[in-house]
Amino acid sequence: MKHNNTGFYIKRISDYIEADANKALEQYGITFSQARVLSFLIKSQDKVIIQKDIEEFLELKHPTVIGILQRMEAKGIIVSSVDPQDKRQKIITLTDSAFELEKRIADHVEDAEQRMAEGMTKEELDEIKRLLHKVYKNISK
């Protein structure tokens, strides 16, 4: 069945990416959402990150992020502590095991990116990224 609806393809691609990532990450005991948080924290390690930063990055609601972070803390990937400046906020810090975990999953991320770009030229890949960014900006207004 052929679909002409852009949203259909974007949703289907997103679902496949998440399912594929969850399958690959299962061996490490983490989910795609937890891996996204881990990646964000690694890239932001030179800053103090509070829970609200993660909510904004993931564009998820407070209760969902709390659940993700609680599971990551139970697995020893992160530590959360009360922000001394604002007792309502939690500071999220990576553990040493988080850095080891990130190294092990990096190959899976690279493999997924390569499979998505299979058969595309660099120019086509640049163009699809540009167009998807434009769609994202349009829809997130």
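All residue numbers refer to positions in the sequence shown, counting from 1. What you are looking at is a predicted structure, and each value in this text was computed from that prediction instead of being measured.
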Peer 1: How many angstroms lie between CZ in Phe57 and NZ in Lys43, if you round to the nearest 0.5 Å?
Peer 2: 6.5 Å
Peer 1: Within this structure, what is the CD1-OG distance for the pair Ile92 and Ser44, rounded to the nearest 0.5 Å?
Peer 2: 12.5 Å
Peer 1: Kindly work out whether a path of hydrophobic side-chain contacts (I/L/V/M/F/W/Y, heavy atoms less than 4.5 Å apart) joins Ile91 to Leu69.
Peer 2: no
Peer 1: Would you list the pairs meeting salt bridge (Lys or Arg N to Asp or Glu O under 4.0 Å) in which at least one residue belongs to residues 16-31, sequence neighbours left out?
Peer 2: Asp20-Arg115
Peer 1: Determine the minimum heavy-atom distance between Met120 and Met116, stating which atoms define it.
Peer 2: CE-O, 3.4 Å
Peer 1: Find the distance between CD1 (Ile54) and CD1 (Ile68) and round it off to the nearest 0.5 Å.
Peer 2: 9.0 Å
Peer 1: Taking atom CD1 as the centre, does Ile139 end up with more than 12 heavy-atom neighbours from other residues, nucleotides or ligands that are less than 6.0 angstrom away?
Peer 2: no
Peer 1: Please find the pair of heavy atoms, one from Asp53 and one from Phe40, that lie closest to each other, and give the distance.
Peer 2: O-CZ, 4.0 Å
Peer 1: Please confirm whether the backbone N or O of Ile42 pairs with a side-chain atom of Gln45, one donor and one acceptor, at under 3.5 Å?
Peer 2: yes
Peer 1: Can you give me the closest heavy-atom contact between Met72 and Leu38, atom names plus distance?
Peer 2: CE-N, 4.0 Å
Peer 1: Using the rule that two of Ile, Leu, Val, Met, Phe, Trp, Tyr join whenever any of their side-chain heavy atoms come within less than 4.5 Å, decide whether Ile66 and Phe32 are in one cluster.
Peer 2: no
Peer 1: Show me the pairs that pass side-chain hydrogen bond (donor to acceptor under 3.5 Å, both in side chains) and involve residues 71-81, at least two apart or across chains.
Peer 2: Gln34-Lys75, Glu73-Ser80
Peer 1: Let me see the working for Glu124 and Ile128 under side chain to side chain contact (heavy atoms under 4.5 Å, CB included), right down to the final yes or no.
Peer 2: CA-CA 6 Å; Glu124 288 172 326; Ile128 198 165; over 6 Å; no
Peer 1: Taking only residues at least two apart or on different chains, which pairs with a member in residues 77-133 satisfy ring pair (Phe, Tyr, Trp, His ring centres under 6.0 Å)?
Peer 2: Tyr28-His108
Peer 1: Let's go through Ile105 and Ile30 carefully: what are the C-alpha distance in whole Å and the side-chain angles of both, what is the deciding distance for side chain to side chain contact (heavy atoms under 4.5 Å, CB included) to 0.1 Å, and is it a yes or a no?
Peer 2: CA-CA 10 Å; Ile105 65 175; Ile30 67 168; 4.2 Å; yes
Peer 1: Hydrophobic clustering (ILVMFWY, side-chain heavy atoms < 4.5 Å, transitive) - are Ile49 and Leu58 grouped together?
Peer 2: yes
Peer 1: Are Arg130 and Asp126 ion-paired here, with the side-chain N under 4.0 Å from a carboxylate O?
Peer 2: no
Peer 1: Which heavy atom of Gly76 sits nearest a heavy atom of Ser97, and at what distance?
Peer 2: O-OG, 2.8 Å
Peer 1: Atom CG of residue position Asn5 - does it have more than 12 heavy atoms of other residues, nucleotides or ligands inside 6.0 Å?
Peer 2: yes
Peer 1: Starting from Leu60, can I reach Ile77 by hopping between I/L/V/M/F/W/Y residues whose side chains sit under 4.5 Å apart?
Peer 2: yes
